[in-house]
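Any value given below was found using the heavy atoms of this structure, including those in side chains, with hydrogens, waters and symmetry copies removed.
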Amino acid sequence: LSNVNKRVLSFPFGNRASYEFMLIKIIYLKSYTGMGKVTVTICNGNIDSLQYPELDALYHDHGTYKVSLPTEHLMTIVNEDNKRCLALPVHKRNLQIQYSPVKDEYSSVRDKNHQKFKLMAVELCDKGELI
């Protein structure tokens with residue numbers, strides 16, 4: 001994601017009686033230069049299980065890391081998220097990932113090679129029983 005004119009990816013949820021305890025897995029590339037942030041929302045609101053709804057793809061210790069690594073971020077849909085989703089019409093129940101350029105103390109590093117967010121995969125998983 002790097003185009004501010006096309007900066008939102010939307011992943012629809014199917015029609016379900018409940019979304020509670022669904023697991024959301026986001027895999028993205030984390031690197032030492034040229035990376036920005038995205039905001040993750042579910043059903044038009046912040047995800048209650050996340051203290052910070054932003055994912056930052058920049059290694060802040062960019063002088064040490066000279067590699068780009070896939071990074072996995074897991075979150076669970078909790079009660080308030082579930083209620084908010086069920087209150088919406090089915091066609092509006094979704095997970096959204098919104099990119100926006102970042103201006104912060106790391107801007108000189110972020111802006112090298114064009115600031116971007118490299119999303120690799122998004123998975124919506126049902127809670128399973130442990131064996």
Side-chain angles (χ1 to χ4, degrees):
L1 297 169
S2 65
N3 183 341
V4 293
N5 296 319
K6 298 178 183 174
R7 61 183 174 180
V8 178
L9 292 177
S10 188
F11 300 89
F13 292 154
N15 189 8
R16 306 171 65 116
S18 176
Y19 300 95
E20 196 167 11
F21 303 118
M22 276 183 67
L23 180 69
I24 299 169
K25 180 165 62 170
I26 298 174
I27 301 172
Y28 61 99
L29 194 65
K30 198 158 185 166
S31 189
Y32 64 96
T33 185
M35 297 305 225
K37 293 181 182 181
V38 294
T39 302
V40 180
T41 58
I42 184 172
C43 297
N44 300 327
N46 288 342
I47 299 172
D48 286 345
S49 63
L50 290 178
Q51 186 175 0
Y52 302 102
E54 290 184 333
L55 299 180
D56 192 347
L58 181 74
Y59 283 124
H60 290 96
D61 186 7
H62 57 272
T64 301
Y65 296 98
K66 297 295 182 191
V67 296
S68 298
L69 294 173
T71 302
E72 185 176 275
H73 186 79
L74 300 172
M75 58 199 93
T76 304
I77 296 177
V78 294
N79 189 32
E80 292 304 314
D81 301 324
N82 184 51
K83 287 178 187 176
R84 190 173 58 249
C85 284
L86 292 175
L88 291 172
V90 174
H91 70 278
K92 291 188 177 186
R93 297 176 189 175
N94 60 26
L95 169 77
Q96 287 191 331
I97 298 176
Q98 180 173 344
Y99 165 80
S100 57
V102 180
K103 296 291 182 201
D104 61 9
E105 65 271 23
Y106 302 104
S107 288
S108 64
V109 177
R110 288 185 188 282
D111 292 341
K112 286 183 183 176
N113 303 322
H114 182 66
Q115 198 175 125
K116 60 203 149 292
F117 189 91
K118 295 184 177 182
L119 184 67
M120 300 172 74
V122 174
E123 297 179 21
L124 305 172
C125 312
D126 281 322
K127 179 183 172 186
E129 296 295 322
L130 292 177
I131 298 175

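Here the CE-OG1 distance, from M120 to T71, works out to 9.0 Å after rounding to the nearest 0.5 Å. Here the straight-line distance linking atom CG of L74 with atom CD of E123 works out to 9.5 Å at 0.5 Å rounding. In this structure, NZ in K118 is found 16.0 Å from CD1 in I27, a value given to the nearest 0.5 Å. Distance check: L95 CG to I77 CD1 gives 8.0 Å after rounding to the nearest 0.5 Å. Taken from CD in E54 to CD in Q98, the straight-line distance is 10.5 Å, to the nearest 0.5 Å. For the atom pair OG of S100 and CZ of F117, the computed distance is 11.0 Å after rounding to the nearest 0.5 Å.
At least one donor-acceptor pair under 3.5 Å links the side chain of Q115 to the backbone N or O of V102. With hydrogens and angles disregarded, a donor-acceptor distance shorter than 3.5 Å links the side chain of R84 to the backbone of C43. Side-chain atoms of R110 never come within 3.5 Å of backbone atoms of K103 as a donor-acceptor pair (strictly under, hydrogens ignored). A donor-acceptor pair under 3.5 Å is formed between the side chain of N82 and the backbone N or O of Y19.
Side-chain contact check for V40 versus M75: some heavy-atom pair is nearer than 4.5 Å.
Here the shortest heavy-atom pairing between M22 and L124 reads CE-CB, 3.8 Å. The shortest heavy-atom contact between L88 and K92 is CD1-O, 3.7 Å. Heavy atoms only, all atoms of each residue included: N94 and S10 are closest at ND2-OG, 3.0 Å. Closest approach of L86 to R93, counting heavy atoms only: O-NH2, 3.3 Å. Taking all atoms of both residues into account, the shortest heavy-atom contact from I97 to F11 is CD1-CE1, 3.9 Å.
A continuous path of Ile, Leu, Val, Met, Phe, Trp and Tyr side chains, each step under 4.5 Å between heavy atoms, connects Y106 with L29, placing both in one hydrophobic cluster. In the hydrophobic clustering of ILVMFWY residues, with side-chain heavy atoms under 4.5 Å counting as a link, L9 and Y28 come out together.
Residue M35 is tested with D56, V109, L58 for a side chain to side chain contact (heavy atoms under 4.5 Å, CB included); the sole match is L58.
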Worked check of side chain to side chain contact (heavy atoms under 4.5 Å, CB included) between L119 and Y99:
CA-CA 10 Å; L119 184 67; Y99 165 80; over 6 Å; no

